[in-house]
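Basis for what follows: all heavy atoms, side chains included, without hydrogens, waters or symmetry-related copies.
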Amino acid sequence: MSVFFTADTHFGDHRTINIARRPFADTAAMDAALIERWNAVIGPQDVVWHLGDVARRPADVAGLLARLHGTKHLLRGNNDPDATLAAPGWASVADYVEITLDDRRLVLCHYPFRSWNGQHRSALNLHGHSHGRLKPMLRQFDVGVDVEGHDYAPVGLDRLLAPRR
């Protein structure tokens, strides 16, 4: 079992293709690529923390979750209504979580923080929301699918911690 992180999939949201400059002709192509890339990285026993902004239509979320590998946890984003949180398929739903992974303390939320719990004791802040547009801060990582190098797929902690080019 491995643990991965992602955010800002925005399944079915045509606006995101333009706003985030995604290289897809339409939402059908985007959704198919996101699902394919997720399942190419995530195995059935893996864990994925989705840091918000799942899909345009809450009615689509249960079907999407059934097609995506792994145990899925949601941290609510600004585009996640109550119906998205209530969809069957989430192992947990929250606004904010602190976990320890590989002896690293992680502060997880949809939103990036200016400062966070444990920041000066090497805790990492993983977030979404900004679609790779924020200047990186020390120990802060945007896990969204639009971030350069994430290839529209979930990423592991090892990849986040690898030296940036």
Quiz prompt | Minimum side-chain heavy-atom gap V143-F4 below 4.5 Å | solution = no
Exercise. Hey, can you tell me if Y152 and F24 have their rings parallel, tilted or perpendicular (30° and 60° cut-offs)?
Key: perpendicular
Quiz item: Any luck finding a side-chain donor-acceptor pair between H69 and D46 under 3.5 Å?
Solution: no
Quiz item: Does one side chain, of H14 or T27, offer a donor that lies under 3.5 Å from an acceptor on the other?
Solution: no
Quiz prompt | Flag side-chain contact, heavy atom, 4.5 Å: R56 against R15 | solution = yes
Quiz item: In a check of salt bridge (charged side-chain N to carboxylate O under 4.0 Å, His left out) between D146 and each of R133, R22, R21, which one passes?
Solution: R22
Practice problem: Please tell me if the side chains of L106 and L157 come closer than 4.5 Å, counting only heavy atoms from C-beta onward. | Solution: yes
Quiz prompt | Heavy-atom check, side chain of L74 versus side chain of H110, under 4.5 Å | solution = no
Quiz item: Among the clusters formed by ILVMFWY side chains lying less than 4.5 Å apart, do V48 and L75 turn up in the same one?
Solution: no
Quiz item: Do R104 and D102 meet the salt-bridge criterion of a basic N to acidic O distance under 4.0 Å?
Solution: no
Self-check item: Smallest separation among heavy atoms of P112 and N125, with atom names
Solution: CA-OD1, 3.9 Å
Quiz item: Does R105 reach the side chain of S122, with side-chain heavy atoms less than 4.5 Å apart?
Solution: no
Quiz item: Are any of the side-chain heavy atoms of H150 and L160 separated by less than 4.5 Å?
Solution: yes
Practice problem: State, with a plain yes or no, whether a side-chain heavy atom of L68 is found less than 4.5 Å away from one of I42. | Solution: no
Quiz item: Counting heavy atoms not belonging to E98, are there more than 12 under 6.0 Å from its CD?
Solution: yes
